[in-house]
*Asks:* 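Could you have a look at this structure, given as structure tokens, before my questions?
Whatever order the structure lists them in is the order used to number ligands and atoms, beginning at 1. From a predicted model like this one, the values you see are computed outputs, not experimental measurements. Just so it is clear, the values below take in all heavy atoms, side chains as well, and ignore hydrogens, waters and symmetry mates. In what follows, residues are counted from 1 in the order of the sequence shown.
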Amino acid sequence: MDSAEILRKRKYRHSLVRDFDSDRVLSAFLLGDDRPTLIFICQNNSDSSGTLPDLRDLERIVGMSLTVRDARKVEDGLAVVQQGQVQRVVLDESAFDREKIYLRSPDNTSALEISGEDFKALLEDLGFETESETARLRIYDFGYAAVRQSAQNRVVSGIQPSGDMTLGNYLGAVVNWQKQVENYDENFFFLADLHSLTTLPDPADLRDRIFKTVATLVACGLDLDKATLFRQSDLGGYHTELAWIFSCLTPEGRLEQMTQFKEKARKQEFVGSGLKTYPILMAADIAIYQATLVPVGEDQRQHLELAREIIRRFNGRYGYTMPVPKADMPQVLARVMSLTDGTSKMSKSNPNRDSCIYLLDNPDDIKRKIKRAKTDSNRDLFFDENRPEISNLLGIYQVLSGLAQAEVVEQFKGQGAAKLKAQLTEAVIEALRPIREQYDRLSADRDRVLEILSQGKARVEPIAQQTLAAVKQRVGL
Ligand code: AMP
Ligand code: TRP
């Protein structure tokens, strides 16, 4: 679709002109189709000097090199860049005040004339947010406008390599990741290895677990054509720099309210300040990739809420820069509980290995752990918050069997915990068998795992670069 068609379809008054002052013309404005197109629009407008970045800043913002015949003319203007799914527009809002805006055709022989006012309306119509109180220079992510229109999402989530992955990770997070991978084209999953430093792991262990966690994730069946896996620390500069900027916008008191912080701080002998600022880094992990959807388990709900607050505050203060992400939690069993204590979550950092089912547990381990799992003596089995252990086992069975809650209750009516345990053992063994087999194949291929991570890094780095450059420009750096 070319510019004229867009204007026509959306019924904007416009006219085609052939005789125009090329110095005052925005060069071609190809909204629309999919191939990477760089359309740089520049105009010599001395009124707005000082409000725009120089060319190099602009290049940083758009994340690629720009060729402009006369760089001095880039005093105000608009750039549209499309890279993959994201189309980024850099625009000096003074364009809106102009009486006429000319959108030059690619061959430079004609232009479409449109009023500044209509141009603003057009951008809003296309989903850009054009209101800004603080900045004249705005950066619009056209990709996200398109995202909203087409209900597309960019999915981002992370997992800490802080231990062997558990059934809680799988049912609380990974299964949902897989669902999103089926639904959407852009899915970025990462190892939150910087986050895992908050518990001061042994360096050799950590290195080992990073490898193991990637291999386990791949073994879970993540489709690597549609999902990107990377390591947070491979892009650590972007994540932590944004986290620092975010930390200046985060009220200190909010961090102390985080349940996870309170719980972990109670358990740890040494409490570093990173344990407290952890959710800020998490907000940065999400925002740096302009995520719209974050699939996580229930234990991350509070962190996600804080991330949304931080991003909203940033956008409010500096102008719309990144989407406010939504959390996506499993409908059933968003919190898988420990096998030994139904009131605490199944956690890979729990030293009691009988409290968890690990994705790589062999059938004998699974059998033994479920057999020993805490239950109660009431033979009548039903979901009841006063019976957290039974409810947890029923819940796991429900998700793995794909049955409705009522069907599960019906199946085990009056059967007692032993029967439930036997059926559950079978279901868990069957669910985990392919993961273990796939893991065994992969773990022999260290190079493949490293290659996955380096491809992942290459895929996401341009996005992180763009966001950070935009953020810095916004805050005045
Ligand atoms: P973590 O193991 O803390 O890095 O968590 C990675 C992902 O797994 C996050 O989305 C968590 O919310 C999810 N998760 C971890 N443990 C559980 C659990 N016991 N139940 C449900 N989701 C969990
Ligand atoms: N804090 C998350 C956890 O422990 C892991 C995580 C880090 C994360 N950064 C994230 C999850 C960003 C989602 C999005 O479970």
*Asks:* May I ask you to list the atoms of ligand 2 that are less than 4.0 angstrom from any heavy atom of Ile286?
*Replies:*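 Listed by number with element, the hits are 12 (C), 14 (C).
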
*Asks:* Could you check atom 10 (O) of ligand 1 against the protein and tell me its nearest heavy-atom contact, residue, atom and distance included?
*Replies:*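 Nearest protein contact, heavy atoms only, for atom 10 (O) of ligand 1 is Gly297 N, 3.1 Å.
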
*Asks:* Is the contact between Lys348 and ligand 1 made by the side chain, the backbone, both, or neither, using heavy atoms and a 4.0 Å cut-off?
*Replies:*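 Side chain only.
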
*Asks:* Answer with side chain, backbone, both or neither: which part of Arg335 has a heavy atom less than 4.0 angstrom from an atom of ligand 1?
*Replies:*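 Just the backbone.
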
*Asks:* Examine Asp285 against ligand 2 and note whether any of their N/O atoms are separated by less than 3.5 Å.
*Replies:*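 N/O-N/O distance below 3.5 Å exists for this pair.
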
*Asks:* With a 3.5 Å distance limit and no angle check, can you tell me whether Ser338 reaches the backbone of Asp341 through a side-chain donor-acceptor pair?
*Replies:*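 Yes; judged by distance alone, with no hydrogens or angles, the pair exists.
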
*Asks:* Among protein heavy atoms, which sits nearest to atom 5 (C) of ligand 2, and what does the distance come to when rounded to 0.1 Å?
*Replies:*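 Result: Gly158 O, 3.6 Å.
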
*Asks:* Kindly state whether the ring of Phe230 and the ring of Tyr289 have centres lying under 6.0 angstrom apart.
*Replies:*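 Yes.
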
*Asks:* Which protein non-hydrogen atom lies closest to atom 8 (O) of ligand 1, naming both residue and atom, and how far is it?
*Replies:*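 So the nearest neighbour among protein heavy atoms is Asn169 ND2, 3.1 Å.
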
*Asks:* Tell me whether His303 has any N or O atom under 3.5 angstrom from an N or O of ligand 2.
*Replies:*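 No; every N/O pair is 3.5 Å or more apart.
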
*Asks:* Find all atoms of ligand 2 within a distance of less than 4.0 Å from any non-hydrogen atom belonging to Tyr278, and give their numbers and elements.
*Replies:*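 So the atoms of ligand 2 that pass are 1 (N), 2 (C), 3 (C), 4 (O).
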
*Asks:* Identify, by atom number and element, the atoms of ligand 1 in contact range of Gly172, meaning under 4.0 Å from any of its heavy atoms.
*Replies:*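 In order of numbering, the contacting atoms are 21 (C), 22 (N).
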
*Asks:* Which protein heavy atom lies closest to atom 16 (N) of ligand 1, and at what distance to 0.1 Å?
*Replies:*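 For atom 16 (N) of ligand 1, the nearest protein heavy atom comes out as Met346 O, 3.6 Å.
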
*Asks:* Kindly confirm or rule out an N or O of Gln300 lying under 3.5 angstrom from an N or O of ligand 2.
*Replies:*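 Yes - when backbone and side-chain N and O of Gln300 are compared with those of ligand 2, one distance drops under 3.5 Å.
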
*Asks:* Quick one: which ligand 2 atoms are inside 4.0 Å of a heavy atom on Ala192?
*Replies:*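 Ligand 2 atoms under the 4.0 Å threshold to Ala192: 7 (C).
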
*Asks:* Return the residue, atom name and 0.1 Å-rounded distance of the protein heavy atom closest to atom 11 (C) of ligand 1.
*Replies:*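 Checking every protein heavy atom, the shortest distance to atom 11 (C) of ligand 1 gives Asp299 OD1, 3.3 Å.
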
*Asks:* I'd like to know if Asp164 and Arg353 make a salt bridge, using a cut-off of under 4.0 Å between side-chain N and carboxylate O.
*Replies:*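 Salt bridge flag = yes for Arg353 with Asp164.
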
*Asks:* State the atoms of ligand 2, each with its element, that fall below the 4.0 Å cut-off from a heavy-atom position in Phe190.
*Replies:*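 Result: 9 (N), 10 (C), 12 (C).
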
*Asks:* Please state whether Ala334 comes within less than 4.0 angstrom of ligand 1, counting heavy atoms only.
*Replies:*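 It does, in that a heavy atom of Ala334 comes within the 4.0 Å cut-off of ligand 1.
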
*Asks:* Taking only heavy atoms of His195 into account, list the atoms of ligand 2 that are under 4.0 Å away from them.
*Replies:*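 Every atom of ligand 2 under 4.0 Å from some heavy atom of His195: 7 (C), 9 (N).
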
*Asks:* So that I can tick it off, tell me whether Arg308 and Glu305 are bridged by a salt bridge, with the cut-off set at under 4.0 angstrom between side-chain N and carboxylate O.
*Replies:*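 A salt bridge is present here (some side-chain N lies under 4.0 Å from a carboxylate O).
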
*Asks:* Between Ser157 and ligand 2, which residue portion shows a heavy-atom distance shorter than 4.0 Å: side chain, backbone, both, or neither?
*Replies:*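 Contact part for Ser157 vs ligand 2: both backbone and side chain.
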
*Asks:* May I ask you to check if ligand 2 and Asp299 share an N or O to N or O distance below 3.5 Å?
*Replies:*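 The answer is no, given that Asp299 and ligand 2 share no N or O pair closer than 3.5 Å.
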
*Asks:* Could you check Lys369, Arg368, Lys371 and say which one makes a salt bridge (Lys or Arg N to Asp or Glu O under 4.0 Å) with Asp354?
*Replies:*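 The passing option is Arg368.
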
*Asks:* To which protein heavy atom is atom 7 (C) of ligand 1 closest, and what is the distance rounded to 0.1 Å?
*Replies:*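 Ranking protein heavy atoms by distance from atom 7 (C) of ligand 1, first comes Ala173 CB, 3.6 Å.
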
*Asks:* List every atom of ligand 2 that sits less than 4.0 Å from any heavy atom of Val296, numbering the atoms from 1 in the order shown and giving each element.
*Replies:*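 With Val296 as reference, the close atoms of ligand 2 come out as 11 (C), 13 (C).
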
*Asks:* Is Glu451 salt-bridged to Arg448, going by a charged N under 4.0 Å from an acidic O?
*Replies:*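 Judged by the 4.0 Å cut-off on N to carboxylate O distance, Glu451 and Arg448 do form a salt bridge.
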
*Asks:* Can Glu241 and Lys472 be counted as an ion pair, charged N to O under 4.0 angstrom?
*Replies:*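 Answer for the salt bridge query: yes.
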
*Asks:* Name all residues meeting the side-chain contact (heavy atoms from CB on, under 4.5 Å) criterion together with Met337; count only those two or more places apart in sequence or in a different chain, and write none if there are none.
*Replies:*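 If we apply the side-chain contact (heavy atoms from CB on, under 4.5 Å) test to Met337, skipping adjacent residues, the hits are Arg335, Asn392.
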
*Asks:* What atoms in ligand 2 come closer than 4.0 Å to a heavy atom of Val294?
*Replies:*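 Answer, ordered by atom number: 13 (C), 14 (C).
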
